[in-house]
Amino acid sequence: MSEFEEIISINTDECVQCEGCVENCPHDALEISANGYPYCIDNLCTRCGECIEICPVLAISFE
């Protein structure tokens, strides 16, 4: 599986809901759900890794 086929995974048990990933996504591929956690809009995500880099608790990864 290449990097561009990997799916972003957000661990809501670890997420502190800082919204840094949403604010720093250069492709607007992350939004906040009704429960307050970020989720990925797969067709907008380029798997650039910016969200992974910005996450202070390492709650985001590639599956």
Side-chain angles (χ1 to χ4, degrees):
M1 179 178 282
S2 76
E3 176 184 10
F4 296 105
E5 293 172 337
E6 294 176 345
I7 299 170
I8 294 293
S9 174
I10 301 170
N11 182 339
T12 56
D13 291 332
E14 299 292 327
C15 179
V16 294
Q17 299 175 315
C18 71
E19 299 184 19
C21 57
V22 175
E23 294 169 5
N24 287 286
C25 178
H27 306 286
D28 296 322
L30 290 165
E31 291 188 3
I32 299 298
S33 67
N35 65 3
Y37 292 101
Y39 68 93
C40 181
I41 303 167
D42 286 337
N43 64 331
L44 295 178
C45 181
T46 64
R47 282 60 170 171
C48 69
E50 291 290 324
C51 56
I52 293 171
E53 295 292 323
I54 198 73
C55 183
V57 295
L58 306 174
I60 305 173
S61 62
F62 288 125
E63 285 188 351

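Side chains included, hydrogens not; waters and symmetry mates left out as well; all remaining heavy atoms used. We're numbering straight along the sequence, starting at 1.
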Heavy-atom nearest pair, Pro38 first then Cys15, reads CD-SG, 3.7 Å

Rounded to the nearest 0.5 angstrom, the CG-SG distance for Asn24 and Cys51 is 10.0 Å

Apply side chain to side chain contact (heavy atoms under 4.5 Å, CB included) to residues Ile10 and Leu30 and explain how you reach the verdict.
CA-CA 11 Å; Ile10 301 170; Leu30 290 165; 4.0 Å; yes

In terms of heavy-atom contacts, Cys21 and Ile60 come closest through CB-CD1, 3.7 Å

dist Cys48:SG -> Ile8:CD1 (nearest 0.5 Å) comes out at 8.0 Å

Minimal heavy-atom distance between Ile32 and Glu19, with the atoms involved, is CD1-CG, 3.7 Å

To the nearest 0.5 Å, atom CZ of Arg47 lies from atom CG of Asp42 at 5.0 Å

Closest non-hydrogen contact found for Glu14 with Ala59 is CB-CB, 3.8 Å

So CG of Asn43 and NE2 of His27: to nearest 0.5 Å the spacing works out to 13.0 Å

OH (Tyr39) and OG1 (Thr12) are apart, to the nearest 0.5 Å, by 15.0 Å

